[in-house]
**Student:** 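Before we start, here is the structure in question, set down as structure tokens.
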Amino acid sequence: MSDESVPPCRLVVLISGRGSNMLALADACEAGLPATIEAVISNEPDAAGIPVATQRGLRTEVVPHRDYAERADFDAALAERIDHYAPDLVVMAGFMRIVTSGFIARYLGRMLNIHPSLLPAYPGLHTHAKAIADGRKRHGATVHFVTDTLDGGPLVANVSVEVKPDDDADTLAARVLTREHELFPQAIGWYATGRLSMQAGLAVLDNKPLDSPIAL
Ligand code: GRF
């Protein structure tokens with residue numbers, strides 16, 4: 001899978017919590033995805049993903065958002081730490097902060113997020129509970145480029161699972177999460193190999209603008 005002639009894609013991974021997507025990405029990099037995790041950065045000092053990443057031999061940093069009175073000041077501090085690693089791609093893997101438009105503009109076209117719903121359905125929080133309450137038959141997760149619209153940037157790819165009659169938000173989230181761990185490395189792999197980009201506000205895969213996400 002890895003091509004020795006192409007330098008690996010440098011990633012900075014942003015997390016706020018347990019970091020299972022970050023770990024799946026680390027596994028994929030070890031298995032030959034042509035990318036390197038240069039750093040894992042959390043806004044939450046107590047994020048469970050930080051010790052997990054450290055044990056994994058990854059460089060970690062915490063930029064606590066509560067230390068900054070203004071959102072823009074936190075974003076500037078975060079950007080300073082991200083840029084230190086000169087990433088090709090910024091990966092939001094369970095990063096639970098709303099960032100300013102200046103921050104988004106700085107990484108436009110080189111920042112991907114994973115969101116636990118079949119976007120454009122259910123942007124925002126509590127997606128699994130909402131899907132169950134609405135009687136949805138299927139739910140899932142979507143990778144998209146990050147733009148100014150919350151969970152609304154150009155859609156790249158998604159995975160979907162059946163919503164079972166006895167599901168609650170936790171069982172459904174767990175089933176979706178397993179598939180997230182395949183979805184995110186796949187999409188990041190496309191970016192790392194130059195197959196995926198954002199152009200004129202659309203995700204473009206293999207020179208084709210995507211009018212809907214690739215279903216994996
Ligand atoms: C995932 O469900 C992801 O889709 C969402 O936040 C959760 C993060 O989980 N954005 P983890 O920290 O990667 O385990």
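Just follow the structure's listing: the first ligand is 1, and inside any ligand the first atom is 1. Index from 1, following the sequence.
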**Student:** When you measure from the side chain of T127 to the backbone N and O of P123, does any donor-acceptor pair fall under 3.5 Å?
**Tutor:**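 Not confirmed, T127 side chain does not pair with P123 backbone.
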**Student:** So does R136 pair up with D167, basic N to acidic O under 4.0 Å?
**Tutor:**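 D167 and R136: not salt-bridged.
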**Student:** How long is the gap from NE2 on H65 to CD on E70, to the nearest 0.5 Å?
**Tutor:**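 One finds 14.0 Å between NE2 of H65 and CD of E70.
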**Student:** Note every protein N or O atom lying under 3.5 Å from an N or O atom of ligand 1, pairing the names and giving the distance.
**Tutor:**
unit_1, atom_1, unit_2, atom_2, d
ligand 1, 2 (O), E180, OE1, 3.3
ligand 1, 2 (O), E180, OE2, 3.0
ligand 1, 4 (O), E180, OE1, 2.7
ligand 1, 4 (O), E180, OE2, 3.3
ligand 1, 9 (O), R18, NH2, 3.1
ligand 1, 10 (N), I114, O, 2.9
ligand 1, 12 (O), G19, N, 2.8
ligand 1, 13 (O), S20, N, 3.3
ligand 1, 13 (O), N21, N, 2.8
ligand 1, 13 (O), N21, ND2, 3.0
ligand 1, 14 (O), R18, NE, 2.5
ligand 1, 14 (O), R18, NH2, 3.4
ligand 1, 14 (O), S20, N, 2.9
ligand 1, 14 (O), S20, OG, 2.5

**Student:** How about Y107 and F145: do any of their side-chain heavy atoms sit closer than 4.5 Å?
**Tutor:**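 Counting from C-beta outward, Y107 and F145 never come under 4.5 Å.
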**Student:** So does R56 pair up with E30, basic N to acidic O under 4.0 Å?
**Tutor:**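 Counted as a salt bridge, because a side-chain N and a carboxylate O are separated by less than 4.0 Å.
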**Student:** Can we say D88 and R10 salt-bridge, meaning some charged N sits less than 4.0 Å from an Asp/Glu carboxylate O?
**Tutor:**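 No salt bridge links D88 with R10.
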